[in-house]
Amino acid sequence: MPRICPGCRQRVTGKCPTCDQTSPRRPRQRAGYGRDERRRRADTVRVHVEQHGWMCPGWQKAPHASQDLTADHVQPTARGGNPAGPLRVLCRPCNSARQAQLDTPRLVGVSVTLVAGPPCSGKSSYVREHALVSDLVVDYDALAAALRVDGERYQHLDSHRPFVCEARDAVLDRMVLGNHGVRRVWVMATAAKRAVRESYRRRYGADVVVVWAPEELCLRRAMGERPQAWWGHVRGWFEQYEADGRDEIVKQVEAL
């Protein structure tokens, strides 16, 4: 049967006279699907069956019995997910439907807005003015406070940072999974770099709003309301900021 030679990419029948004689054909292997990854996925399915039986949690449908369960990344690697990141179990048809939907940048029925801007620019006030009670709000400061015994929002502990970041990512990963009633999501982040804002567009189909306030105003607020470390955070944001014509700019010029 005719085939494409993996070496020279020419159409040949049988052994390629130029490539196969010197370079034996090797089986192709998809990135991220080596022996260790296949074992990890099989273990994930096994644990799921031990805990829940042969049940698919369902993708935008009710849970149902299935003997054909598979494990796949919660956040696909093609959309910026970690190859060693968490897996979720679905039946093969549900997983295929989920993958087809994730190939579309915007999540069906859910709008995601990234509210970016320098510290003390008024991002929290902007979200309070526009969000509904039923909306999901993902705020690093609020998550950091929730993981502290004293509830302090602005004295961030370096030792807590990995846990706060993983908690934030877990909320967004769960949002991607569907099977919830949330229709609007607001994510607050400084996101000075264009690449950071682009990652939210690519992963979640997010709209980006940059709440802009003059550096002097942000510094004045930081000096009056935040720990001293925040003064450097404000200056650093303006030094690192990269504009993007796709961002919606909301200017704050007065004290909130």
Side-chain angles (χ1 to χ4, degrees), residues 59-60 73-82 85 97-144 146 153 164-215 217-218 221 233-234 236-254 256:
W59 171 251
Q60 298 187 341
H73 287 97
V74 170
Q75 181 66 45
T77 55
R79 300 187 67 196
N82 184 348
R98 171 180 176 267
Q99 189 61 51
Q101 180 172 316
L102 292 181
D103 286 341
T104 303
R106 187 168 297 278
L107 302 173
V108 175
V110 181
S111 68
V112 180
T113 303
L114 172 66
V115 182
C120 303
S121 62
K123 296 185 292 295
S124 297
S125 297
Y126 178 88
V127 172
R128 284 196 298 268
E129 291 172 3
H130 293 82
L132 304 174
V133 174
S134 57
D135 292 352
L136 188 67
V137 177
V138 184
D139 178 5
Y140 183 97
D141 293 336
L143 289 170
R153 285 178 62 94
V164 179
C165 290
E166 289 195 20
R168 176 198 60 201
D169 294 344
V171 171
L172 294 174
D173 287 344
R174 179 62 187 86
M175 179 267 297
V176 170
L177 295 181
N179 286 344
H180 54 66
V182 173
R183 292 294 173 261
R184 300 203 304 177
V185 180
W186 305 84
V187 184
M188 285 184 275
T190 52
K193 294 290 189 179
R194 186 186 301 113
V196 175
R197 302 194 298 278
E198 177 62 24
S199 70
Y200 280 88
R201 284 192 175 95
R202 179 164 43 87
R203 292 186 184 185
Y204 310 114
D207 297 317
V208 178
V209 174
V210 176
V211 179
W212 179 277
E215 183 174 0
L217 176 58
C218 294
R221 292 174 179 168
H233 299 335
V234 171
W237 190 93
F238 283 94
E239 291 173 357
Q240 299 173 16
Y241 175 64
E242 298 171 342
D244 189 322
R246 296 171 296 172
D247 299 342
E248 177 186 352
I249 306 299
V250 176
K251 293 185 177 181
Q252 301 280 355
V253 294
E254 300 179 354
L256 298 179

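Numbering starts at 1 and runs along the sequence shown.
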Heavy-atom closest pair, residues [X] and [Y]:
X    : Y    : answer
A206 : L114 : CB-N, 4.4 Å
L132 : D135 : N-OD2, 2.8 Å
R174 : N179 : NH2-O, 3.5 Å
V138 : V171 : CG2-CG1, 3.8 Å
C165 : Y140 : SG-CE1, 4.0 Å
G85  : H73  : O-CD2, 4.0 Å

- request: Only counting residues at least two apart or in another chain, list the ones meeting salt bridge (charged side-chain N to carboxylate O under 4.0 Å, His left out) with D173.
  value: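 Counting only residues at least two positions away or on another chain, D173 forms no salt bridge (charged side-chain N to carboxylate O under 4.0 Å, His left out).
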
Taking the side chain as everything from C-beta on, heavy atoms only, tell me whether [X] gets closer than 4.5 Å to [Y].
X    : Y    : answer
R246 : R197 : no
V115 : V211 : yes
M175 : V112 : yes
W186 : M188 : no

Do the side chain of [X] and the main chain of [Y] share a donor and acceptor less than 3.5 angstrom apart?
X    : Y    : value
R184 : S134 : no
K123 : G117 : yes
R221 : S121 : yes

Criterion side-chain contact (heavy atoms from CB on, under 4.5 Å) on T113 and V209, from CA distance to verdict: CA-CA 7 Å; T113 303; V209 174; 4.0 Å; yes

- request: Can you sort out the partners of R128 under side chain to side chain contact (heavy atoms under 4.5 Å, CB included), two or more places apart, ordered by chain and number?
  value: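 For R128 the side chain to side chain contact (heavy atoms under 4.5 Å, CB included) partners, ignoring immediate neighbours, are S124, S125.
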
- request: Name the orientation class of the two ring planes belonging to Y241 and W237 (parallel below 30°, tilted from 30 to 60°, perpendicular beyond 60°).
  value: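 Ring orientation, 0 to 90° scale: parallel.
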
query: Passes side-chain contact (heavy atoms from CB on, under 4.5 Å), V208 versus R201? Steps please.
result: CA-CA 8 Å; V208 178; R201 284 192 175 95; 3.6 Å; yes

Distance (rounded to the nearest 0.5 Å) between L136 CG and R183 CZ: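 Spacing of CG (L136) from CZ (R183) equals 12.5 Å.
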
message: Whether R203 and D169 form a salt bridge (side-chain N of Lys/Arg under 4.0 Å from carboxylate O of Asp/Glu) is what I want to check.
response: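 Salt bridge between D169 and R203, a charged N being under 4.0 Å from a carboxylate O: no.
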
